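Notes follow the structure.
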Number of protein chains: 2
Amino acid sequence: MAPRSPARTGRPRSAAADAAILEATRAALVDLGWSKLTLGDVATRAGVAKTTLYRRWAGKNELVVDAVAALFDELELPDRGSLAADVEYVVRQFAALLDRPEAKTALMAVVAESTRDEPLRARIRDSIVDRQKRLVLVGRARAEARGELPRAQGAQDAARSADLIFDVVAGAVVHRMLVSGQAVDSQWVHGLVALLAGGLPSAVSPLPSDA
Amino acid sequence: MAPRSPARTGRPRSAAADAAILEATRAALVDLGWSKLTLGDVATRAGVAKTTLYRRWAGKNELVVDAVAALFDELELPDRGSLAADVEYVVRQFAALLDRPEAKTALMAVVAESTRDEPLRARIRDSIVDRQKRLVLVGRARAEARGELPRAQGAQDAARSADLIFDVVAGAVVHRMLVSGQAVDSQWVHGLVALLAGGLPSAVSPLPSDA
DNA sequence: TGCTTTCGCTACGCGTCGTAGCGTAACTTC
DNA sequence: GAAGTTACGCTACGACGCGTAGCGAAAGCA
């Protein structure tokens with residue numbers, strides 16, 4: 001690969017500045033939220049000149065995507081023993097991430113912007129969405145190995161069903177927290193797991209396990 | 001009630017101006033998108049003074065919510081004969097709504113803003129979210145009457161499961177279209193309906209009805 | 001005929017944007 | 001070590017949208 005073929009001489013860009021800018025962006029998101037965040041303020045917080053910031057990012061959208069994408073590095077899916085437990089784990093993990101004020105205010109905003117900016121959409125997909133979708137693939141492979149789910153017939157069907165599951169699970173969590181504005185508590189998570197396991201009838205009448 | 005007790009004399013506000021402003025807002029959303037929309041431009045398009053606009057709406061957020069909320073007036077749920085058909089109908093209807101450029105760019109943006117603005121969240125809930133949720137209640141009541149779903153035991157459980165279903169269905173559609181950026185086509189809708197009917201196993205291995 | 005409120009218009013201070021220009025710092029190559 | 005190249009900090013700038021104030025005129029009530 002040739003990721004850095006142009007410009008191999010001269011003073012290199014400061015990696016410390018990159019880290020400081022992204023950290024300052026997250027801090028500014030917490031303090032000000034998306035709409036009141038200004039690049040001048042971020043530059044001041046990071047201790048760099050505003051021009052330095054503009055040399056590396058085209059604008060607010062790209063900067064915030066990169067700043068928030070780092071939060072998704074910690075996503076993982078250890079084997080919890082069953083499909084239901086795996087689903088519950090990943091849902092709680094995603095909910096905890098969305099509970100952070102910097103993620104809450106930024107994610108929806110950049111997605112909204114991406115509806116009119118195809119390169120931005122691609123950036124979000126590469127650095128955020130695909131990283132989440134990987135967890136679905138891992139969980140589904142495990143469930144197949146356990147015999148909890150039938151093996152997909154063909155790579156195309158496998159990809160389609162994975163996309164569907166991803167949109168349903170991630171979409172439900174996002175909608176619950178940001179649109180309905182309610183907490184992802186145990187009761188809700190168990191209801192969602194029941195729905196995924198057995199469909200609507202299972203969700204409407206949950207097992208009478210808890211009083 | 002006393003909705004208009006203050007100010008009952010003097011020149012009344014022009015209802016035509018209200019309609020023109022909201023229509024101009026939707027047109028501006030189509031042309032410019034959320035981020036580049038300016039109130040001055042909306043005022044010019046509507047043929048009113050900028051000050052008139054500010055006398056009626058506190059800012060961009062509130063104006064856009066009202067402008068987009070009107071799109072949700074046409075939502076309805078005729079009896080399609082079965083739970084699956086009702087779900088498919090409402091999903092397609094919501095997807096068609098989200099396909100409009102003015103809705104696409106505005107809905108996510110105002111939801112993002114609402115994470116740091118509680119009154120705005122309440123306005124969104126009253127004028128948009130609750131209007132969607134009503135369809136879920138209608139569809140569930142019909143399914144119960146048909147015997148497709150067990151009757152909810154207690155009003156609290158009924159409300160909880162309705163909220164869950166709403167977040168799953170609406171969240172899935174929104175996530176599919178705006179985050180994954182893919183179309184809500186027949187294949188996807190049928191997969192979602194299968195998942196809601198029978199859970200993940202049904203979604204992974206769809207009925208071999210189509211070649 | 002007054003009284004009250006809204007309307008269109010103009011003008012303003014404020015803050016952010018994104019860029020240009022400069023001198024300096026850091027690193028590579030010869 | 002010297003020359004060349006690129007990044008950096010700093011300052012300054014025009015452009016633009018924001019949200020408000022003040023005015024005279026218009027439209028409806030008493």
Side-chain angles (χ1 to χ4, degrees), chain A residues 2-25 28-29 31-64 66 105 109-110 113 116-117 119-120, chain B residues 2-25 27-29 31-64 66 105-106 109-110 113 116-117 119-120:
Chain A
R4 289 272 177 183
S5 13
R8 194 123 187 79
T9 177
R11 175 175 177 175
R13 287 193 172 172
S14 163
D18 260 56
I21 291 172
L22 292 176
E23 175 58 35
T25 303
L29 281 173
D31 291 349
L32 308 172
W34 161 266
S35 58
K36 301 193 189 242
L37 179 145
T38 68
L39 296 192
D41 182 65
V42 170
T44 303
R45 286 172 187 257
V48 303
K50 195 172 58 164
T51 44
T52 298
L53 210 156
Y54 275 102
R55 287 190 191 101
R56 307 185 184 204
W57 284 277
K60 191 168 161 175
N61 295 334
E62 291 78 7
L63 172 63
V64 169
D66 286 4
T105 187
V110 294
E113 291 301 307
R116 305 197 119 240
D117 184 343
L120 181 64
Chain B
R4 289 274 176 182
S5 14
R8 194 121 189 81
T9 178
R11 175 176 177 175
R13 287 193 173 171
S14 162
D18 260 57
I21 291 172
L22 293 176
E23 176 58 36
T25 302
L29 282 172
D31 291 349
L32 308 171
W34 161 266
S35 58
K36 303 198 185 217
L37 179 146
T38 68
L39 295 193
D41 182 65
V42 170
T44 302
R45 287 171 186 257
V48 302
K50 195 171 59 164
T51 46
T52 297
L53 210 156
Y54 275 102
R55 285 191 192 100
R56 307 185 184 201
W57 284 277
K60 190 167 160 175
N61 295 334
E62 291 77 7
L63 172 63
V64 169
D66 286 4
T105 188
V110 294
E113 291 301 305
R116 304 198 120 239
D117 185 341
L120 182 64

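Naming convention: chains lettered A, B, ... in sequence-line order (proteins, then strands); numbering from 1 in each chain. Every value quoted in this text rests on a predicted model; they were computed, and no experiment measured them.
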Nearest-0.5 Å distance that lies between atom CD in Glu62(B) and atom CG in Asp117(B):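 One gets 6.5 Å once the value is rounded to the nearest 0.5 Å.
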Nearest heavy atoms of [X] and [Y], plus distance in Å:
{"X": "Leu120(B)", "Y": "Val110(B)", "answer": "CD2-O, 3.8 Å"}
{"X": "Ile21(A)", "Y": "Trp57(A)", "answer": "CG2-CZ3, 3.6 Å"}
{"X": "Ala28(B)", "Y": "Asp41(B)", "answer": "CB-OD2, 4.1 Å"}
{"X": "Ala24(A)", "Y": "Arg45(A)", "answer": "CB-CB, 3.7 Å"}

With side chains defined as the heavy atoms from C-beta onward, is the minimum distance between Arg13(A) and Arg55(A) less than 4.5 Å?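 They are in side-chain contact.
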Which of these nucleotides, dA7(D), dT10(C), dT11(D), is closest to any side-chain atom of Arg13(A)?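 Between dA7(D), dT10(C), dT11(D), the one nearest the side chain of Arg13(A) would be dA7(D).
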Considering only dC10(D), dA7(D), dG8(C), which nucleotide approaches the side chain of Ala49(A) most closely?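 Selected nucleotide: dC10(D).
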Base contacts versus sugar-phosphate-only contacts with protein, heavy atoms under 4.0 Å: please encode nucleotides 13-19 of chain D as B, S and - from 5' to 3'. ----SBB
Give a yes or no on whether a donor-acceptor pair under 3.5 Å exists between the nucleobase atoms of dT6(D), that is its base, and the side chain of Arg11(A).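 For Arg11(A), whose side chain was compared with the base of dT6(D), there is no donor-acceptor pair (under 3.5 Å).
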Just N and O in the side chain of Thr9(A): are any of them under 4.0 Å from OP1 or OP2 of dT6(D)?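 Indeed not, no polar side-chain atom of Thr9(A) lies that close.
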Between Asn61(A) (CG) and dC17(C) (C1'), how many Å, whole number?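 Distance, rounded to whole Å: 14 Å.
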For Arg55(A) and dC22(C), what is the distance between atoms CZ and P respectively, to the nearest whole Å?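 The distance from CZ of Arg55(A) to P of dC22(C) comes to 14 Å, rounded to the nearest Å.
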Would you mind telling me which residue lines up with the more 5' stretch of DNA chain D, Ala17(A) or Gly10(B), judged by nearest nucleotide?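 Its nearest nucleotide lies further toward 5', so the answer is Ala17(A).
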Would you mind classifying the nucleic acid contact of Ser14(B) as base, sugar-phosphate or nothing, using non-hydrogen atoms under 4.0 angstrom?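 Counting heavy atoms under 4.0 Å across all strands, the contact made by Ser14(B) is with sugar-phosphate only.
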